[in-house]
Amino acid sequence: MNPRGVAITGIGLLTPLGVGTEETWQALTEGRSAVGPMQTYDASSLRTQLGAEITELDPKQYVNRRSLRTMTRYDMLAAVAAAMAVKDSGWELGEEGDPEGRAALFTASGKEISKPEHFEEIAVTVRDAEGHVDMQQFGTVASSSVHPLFFIEGLQGASLFYISEAYGLKGPNTYFAGTAEAGMTAIARAASAIRRGEAEMAVAGGADAPVCWWNMAKIDSLGITTRSNELGAAACRPFDGARDGTIMGEGGVFVVLEGVGAARRRNARIYAEVSGSGASADVDHLLTPDREGRALAHAIGSALRMAGTSAQEIDYVAAHASGTRLGDASEATALRAVFSQGDDTGDGEAGPLVSSVKPATGHLGAGAGALNLAVAALAVHHGKVPPTLNLEHPDPNTAGLDLVSGETRAAPIKQAVAVARGLEGQNVAVAVRGV
């Protein structure tokens, strides 16, 4: 037993596939997808009219009504997923919560503002005849027309307050803003806090709602989402030669971490151990990754070194693979550089299994990296790997990678690596292993 090992003892999955870890995992392994036409607003003017939305959720089962009144959707998704993770872990914090400040909290999201609907009416009211915003008029009516809690509700790191208040968490805490890398960074930071003795346990993860109209209006203009609306759930095709973009989703993914020894002493279920992490920045071009994937390969290599393991010992990679032309190509090149044990034709000893869950759940923004880490841990725990849906004609540059497509593959997964990539060149990798 590693005396400094960090155990994952609780997982909370809130995704378009299901409200709950078991529900989401079952759907992933059964090959189901939650992708479909947008239901909550008219997306007909957008390039991409598809998304993965959570439609069946009663947050009052997890969060008190008073807190819900001031939460944005981002905060609510985080609070629900964190509640699921804490319950799943079996941790009992007691009425006083964490009086000695030994319970940490690290959260992440892509939240930018308060509920945008609070600002809709005044945004129209203060425009002049030519459609320009009249700041003089805005100053006159703002005090009576702007929602009184617009600023408070819009604080990016509000999830830190809501979750720490719910469980009395008083230890180290940080909020990470960003995309897929943010949620995985939050979990890596939590693991570090436990290794260094800053905390005895930690709640960490990410939640986001990039599929909402406010975010989609911006993301749609970047050209990274699919145009293949007619394909419905088959439109997101990671690593496929015909891929043309990703599809956004929403959700929250949190985990509970604690020392392996402490987990064993309380007879907790251990999904996996967080054995290493690595990060890097790709400064090639904004939104355009280095074709060779060198920064990503560096992040994975750093995680393996910290874990004290080799590439040949990794059984599974929970890939970022979102279905974009350049992103998937550079990721495949990086994975081949790190893991391939044969030549470019695929000959030689097989490397780790590789799959992406984004065709099933959509790209969960800041929750996507946390989801990949949870999938890696669950693959270790259950000995099975969920497939990459819609992967029918693998891109030639994936030769040498053992891509899991079509159906879930059962296999002994002793060690795995989860990958997350940000929109502006951030790369994070976390290694996990069985205990």
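Counting begins at 1 with the first residue of the sequence. Because the structure is a prediction, the values reported are computed rather than measured.
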Should the heavy atoms of other residues, nucleotides or ligands under 6.0 Å from [atom1] of [X] be counted, would the total exceed 12?
| X | atom1 | answer |
| --- | --- | --- |
| Arg291 | CZ | no |
| Glu30 | CD | yes |
| Glu165 | CD | yes |
| Arg266 | CZ | yes |
| Glu230 | CD | yes |

Apply the side chain to side chain contact (heavy atoms under 4.5 Å, CB included) test between Ser356 and each candidate in Leu389, Val404, Thr388, Leu391; give the one that qualifies. Thr388
Least distance between heavy atoms, [X] atom then [Y] atom:
| X | Y | value |
| --- | --- | --- |
| Ala334 | Gly293 | CB-O, 3.3 Å |
| Ala360 | Leu28 | CB-CD2, 3.8 Å |
| Leu50 | Pro37 | CD2-N, 3.7 Å |
| Ile8 | Ala377 | CD1-CB, 3.8 Å |
| Thr21 | Ile11 | OG1-O, 2.6 Å |
| Pro99 | Gly97 | CD-O, 3.2 Å |

Any side-chain heavy-atom pair from [X] and [Y] closer than 4.5 angstrom?
| X | Y | answer |
| --- | --- | --- |
| Thr107 | Phe254 | yes |
| Tyr74 | Ser159 | no |
| Ile314 | Val338 | no |
| Val19 | Tyr62 | yes |
| Leu222 | Leu423 | yes |
| Ile187 | Val430 | no |

Can you pull the salt bridge (Lys or Arg N to Asp or Glu O under 4.0 Å) pairs that have at least one residue in residues 181-192, sequence neighbours excluded? Arg189-Glu198
Go through the structure and list residues passing salt bridge (charged side-chain N to carboxylate O under 4.0 Å, His left out) with [X], not counting sequence neighbours.
| X | value |
| --- | --- |
| Asp315 | none |
| Glu112 | Lys218 |
| Arg269 | Asp88 |
| Arg102 | Glu200 |

Hey, is the main chain of [Y] close enough, under 3.5 Å, to the side chain of [X] for a donor-acceptor pair?
| X | Y | result |
| --- | --- | --- |
| Arg265 | Val260 | no |
| Asn229 | Arg47 | yes |
| Arg243 | Arg237 | no |
| Ser277 | Ala188 | no |
| Ser228 | Leu231 | no |
| Arg305 | Gly278 | no |
| Asp208 | Ser109 | no |
| Lys358 | His320 | yes |
| Asn372 | Ala418 | no |
| Asp220 | Thr48 | yes |

Which value, rounded to the nearest 0.5 Å, describes the distance between [X] atom [atom1] and [Y] atom [atom2]?
| X | Y | atom1 | atom2 | value |
| --- | --- | --- | --- | --- |
| Met201 | Asp98 | CE | CG | 8.5 Å |
| Leu353 | Tyr316 | CG | OH | 8.5 Å |
| Lys111 | Asn215 | NZ | CG | 12.0 Å |
| Glu258 | Thr9 | CD | OG1 | 3.5 Å |
| Glu313 | Leu304 | CD | CG | 9.5 Å |
| Leu296 | Leu335 | CG | CG | 6.0 Å |

By side chain to side chain contact (heavy atoms under 4.5 Å, CB included), which residues pair with [X], not counting sequence neighbours?
| X | answer |
| --- | --- |
| Ile113 | Pro116, Trp214 |
| Pro289 | Asp282, Leu326, Ser330, Arg421 |
| Ala420 | Ala180, Met184 |
| Thr398 | Phe239, Ala332, Pro394, Asp395, Leu401, Leu403 |

Any residue meeting ring-ring contact (aromatic ring centres under 6.0 Å, His included) with Tyr271, in chain and number order, not counting sequence neighbours: His381
Tell me every residue that passes ring-ring contact (aromatic ring centres under 6.0 Å, His included) with His393, counting only those two or more places apart in sequence or in another chain. none
Asp240 and Asn390: CA distance, side-chain angles, deciding distance, side chain to side chain contact (heavy atoms under 4.5 Å, CB included) verdict: CA-CA 8 Å; Asp240 194 276; Asn390 312 324; over 6 Å; no
[X] and [Y]: side-chain donor and acceptor closer than 3.5 Å?
| X | Y | answer |
| --- | --- | --- |
| Asp244 | Thr226 | yes |
| Ser275 | Gln415 | no |
| Thr15 | Thr24 | yes |

Which residue pairs satisfy the ring pair (Phe, Tyr, Trp, His ring centres under 6.0 Å) criterion with at least one member in residues 9-36, sequence neighbours excluded? Trp25-His382
Under the criterion side chain to side chain contact (heavy atoms under 4.5 Å, CB included), I'd like the reasoning laid out for Leu378 against Leu13: C-alpha separation, chi angles, the key distance, then a yes or no. CA-CA 11 Å; Leu378 289 166; Leu13 299 186; 4.0 Å; yes
Before accepting this row, confirm whether a basic side-chain N of the pair Asp402/Arg409 lies closer than 4.0 Å to the acidic partner's carboxylate O. yes
Looking at Arg195, Arg433, Arg264, which hits salt bridge (charged side-chain N to carboxylate O under 4.0 Å, His left out) with Glu273? Arg433
